[in-house]
Trainee: 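Quick one: the structure is below, and I'll ask about it shortly.
Predicted, not measured: the structure shown is a model, and the values here were computed from it. Starting from 1, each residue takes its place in the sequence as its number.
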Amino acid sequence: MAAPVGTLVLVDAANVMGSRPDGWWRDRVGAVERLLDELQAWATRHPGEVVVIVEGVVRDAIDEGRHGGVEVRHATRAGVDAADDRIAELVREARHLEVEVVTADRDLRRRVVALGAQVSGPQALFERL
């Protein structure tokens with residue numbers, strides 16, 4: 001599903017990069033940097049905001065803030081579902097905007113749909129990139 005014009009797109013970085021069997025597990029930081037490069041190119045054509053949520057070792061290696069046309073946000077804690085909790089928080093904060101969450105995580109999908117967000121999977125995102 002293509003994001004509507006002006007949509008805030010929240011990307012679950014770990015889940016999206018995990019959907020590609022390209023060896024990302026050997027270099028998680030490098031995998032997210034490659035994803036950021038792709039998202040930056042797409043963000044120049046996307047009229048809304050693109051936000052990537054990172055956790056774990058990536059959170060320690062990539063600064064929060066603007067990276068080209070993409071905003072990077074950190075999970076606010078370590079541990080299981082840390083990025084999911086941050087994404088749900090960002091969806092709640094953006095309640096007056098069209099929000100799309102990109103993830104294949106079934107539990108996260110249910111959480112954010114209940115909060116009013118649209119959801120698409122990693123493959124749909126890759127097709128847009």
Side-chain angles (χ1 to χ4, degrees):
M1 161 191 332
V5 174
T7 300
L8 168 62
V9 178
L10 301 173
V11 179
D12 181 354
N15 188 271
V16 169
M17 71 180 187
S19 71
R20 287 183 175 168
D22 64 358
W24 61 266
W25 52 91
R26 290 188 296 267
D27 180 10
R28 292 172 191 265
V29 174
V32 171
E33 288 172 338
R34 288 189 299 279
L35 177 61
L36 275 173
D37 287 344
E38 291 178 89
L39 289 169
Q40 287 166 350
W42 178 64
T44 63
R45 304 182 311 273
H46 174 69
E49 186 171 356
V50 180
V51 178
V52 176
I53 297 81
V54 299
E55 63 188 350
V57 65
V58 179
R59 182 179 76 167
D60 297 334
I62 298 177
D63 291 335
E64 206 171 44
R66 302 280 320 157
H67 293 258
V70 177
E71 180 82 15
V72 171
R73 298 282 182 94
H74 291 167
T76 54
R77 63 172 179 79
V80 176
D81 294 333
D84 295 3
D85 291 348
R86 181 69 166 138
I87 291 166
E89 174 186 318
L90 293 170
V91 170
R92 279 190 298 277
E93 289 174 3
R95 66 181 169 264
H96 300 296
L97 301 173
E98 291 270 345
V99 179
E100 175 188 6
V101 174
V102 181
T103 188
D105 181 311
R106 283 184 232 138
D107 290 334
L108 178 58
R109 291 171 78 95
R110 280 191 290 275
R111 285 176 70 183
V112 299
V113 165
L115 294 170
Q118 299 174 27
V119 178
S120 61
Q123 189 58 41
L125 176 65
F126 296 142
E127 290 169 5
R128 287 185 263 172
L129 300 179

Trainee: Nearest 0.5 Å, what's the CG-CG distance between Leu115 and Leu90?
Mentor: 11.0 Å
Trainee: Who are the side chain to side chain donor-acceptor pair (under 3.5 Å) partners of Arg109, not counting sequence neighbours?
Mentor: none
Trainee: Does Asp107 have any salt bridge (charged side-chain N to carboxylate O under 4.0 Å, His left out) partners at least two apart in sequence or in another chain, and if so, which?
Mentor: Arg110
Trainee: Where do Ala104 and Asn15 come nearest, in terms of heavy atoms and distance?
Mentor: N-OD1, 2.6 Å
Trainee: Could I get the full list of side chain to side chain donor-acceptor pair (under 3.5 Å) partners for Arg77, not counting sequence neighbours?
Mentor: Asp85
Trainee: Output the distance between atom CG (Asp84) and atom CG (Leu108), rounded to the nearest 0.5 Å.
Mentor: 4.5 Å
Trainee: Before giving the answer on side chain to side chain contact (heavy atoms under 4.5 Å, CB included), spell out for Gln123 and Ser19 the whole-Å C-alpha distance, their side-chain angles and the decisive distance to 0.1 Å.
Mentor: CA-CA 8 Å; Gln123 189 58 41; Ser19 71; over 6 Å; no
Trainee: Atom CG of Leu36 and atom CE of Met17: how far apart are they, to the nearest 0.5 Å?
Mentor: 10.5 Å
Trainee: If you look only at pairs with a residue in residues 64-76, which of them pass as a salt bridge (charged side-chain N to carboxylate O under 4.0 Å, His left out), with sequence neighbours excluded?
Mentor: Glu49-Arg66, Arg66-Glu71, Glu71-Arg73
Trainee: Leu125: which residues meet the side-chain contact (heavy atoms from CB on, under 4.5 Å) condition with it, sequence neighbours left out?
Mentor: Val11, Val16, Leu39, Trp42, Val102, Leu129
Trainee: Counting distance only, does the side-chain N/O of Gln40 pair as donor-acceptor with the main-chain N or O of His67 below 3.5 Å?
Mentor: yes
Trainee: Could you list the residues that satisfy side-chain contact (heavy atoms from CB on, under 4.5 Å) with Ala61, not counting sequence neighbours?
Mentor: Val29
Trainee: Could you tell me the separation between the CD atom of Glu93 and the CG atom of Leu8, rounded to the nearest 0.5 Å?
Mentor: 10.0 Å
Trainee: Among residues at least two apart in sequence or on other chains, which ones pass side chain to side chain donor-acceptor pair (under 3.5 Å) with Arg86?
Mentor: Glu89
Trainee: Going by the rule side chain to side chain donor-acceptor pair (under 3.5 Å), which residues pair with Asp12 if we only count those two or more places apart in sequence or in a different chain?
Mentor: Thr103
Trainee: Could you report the tightest heavy-atom contact between Ile62 and Glu33, atom names first, then the distance?
Mentor: CD1-CG, 3.9 Å
Trainee: Please list all pairs meeting salt bridge (charged side-chain N to carboxylate O under 4.0 Å, His left out) that have one or both residues in residues 36-45, counting only residues at least two apart or in different chains.
Mentor: Arg20-Glu38
Trainee: Tell me which one of Val54, Ile53, Val58 satisfies side-chain contact (heavy atoms from CB on, under 4.5 Å) with His74.
Mentor: Val54
Trainee: Test your reading of the model: is there a side-chain donor-acceptor pair from Glu55 to the backbone of Ala75, 3.5 Å cut-off?
Mentor: no
